[in-house]
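In this chain, numbering begins with 1 at the start of the sequence shown. Only heavy atoms go into these numbers, but all of them, side chains included; no hydrogens, no water, no symmetry mates.
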Amino acid sequence: MPVSDEERFKLEYKKLDDDIRHYSTTRSALTSFLMTVGLTLLAYSFSNSYPSHPSFLWITGLLVLSAAIYVCLEFSRRTERSLIHQKELWEWSKKMSPPYPSRSHLLRRAGRRAVLAGMIGDAMNAGLIVAVILIVVIFFFCKYGLCEH
């Protein structure tokens, strides 16, 4: 027996809610973990137990911080896409007129700009990028002796 549009709406809306929560939690956990590891690697590159200050620690730290930014932005993109889909489904549910909207139709109608605008408007994304840039600049200045140890 086919599922009615109303039942499909309930199931899909719940799934989107679960996806949004999952993406948000994953973004927070992975970003925090990768930031901690990246900063630890950068800090060890200045450690007195490594008198030669090996560059592999500096490079690896930068790569891990880059991964933190990527993870944060990718899961933000996924969250925004699901939020847009959920909002559009909610609008459809107010009138419930056929045909039932597909995800691709709803996202195409909202557009990539809406996803990008949501990502840019997210304070965590902006804060993370600014923080990583400041951290890298500070470590760079310290690495080349432009600040006191």
Taking it one step at a time, do Leu65 and Leu42 satisfy side-chain contact (heavy atoms from CB on, under 4.5 Å)? CA-CA 10 Å; Leu65 288 175; Leu42 288 178; 3.6 Å; yes
Under a plain distance cut-off of 3.5 Å, with no hydrogens placed, do Arg27 and Thr79 share a side-chain donor-acceptor pair? no
Any donor-acceptor pair under 3.5 Å from Thr26 side chain to His22 backbone: yes
Nearest heavy atoms of [X] and [Y], plus distance in Å:
{"X": "Ile69", "Y": "Leu128", "result": "CA-CD2, 3.8 Å"}
{"X": "Leu16", "Y": "Leu89", "result": "CD1-CD1, 3.6 Å"}
{"X": "Ala68", "Y": "Thr31", "result": "O-OG1, 3.9 Å"}

Test: [X] and [Y] ion pair at under 4.0 Å:
{"X": "Arg77", "Y": "Glu80", "value": "no"}
{"X": "Lys14", "Y": "Asp19", "value": "no"}
{"X": "Asp18", "Y": "Arg21", "value": "yes"}
{"X": "Glu91", "Y": "Lys94", "value": "yes"}

Mind running side-chain contact (heavy atoms from CB on, under 4.5 Å) on Ile120 and Asn125 for me, showing each step along the way? CA-CA 7 Å; Ile120 291 171; Asn125 293 342; over 6 Å; no
State the CZ-OG1 distance between Phe75 and Thr25, to the nearest 0.5 angstrom. 10.5 Å
Once you round to the nearest 0.5 Å, how far does CD of Gln86 lie from OG of Ser93? 10.5 Å
Hey, are the side chains of Met35 and Val132 touching, using non-hydrogen atoms and a 4.5 Å cut-off? yes
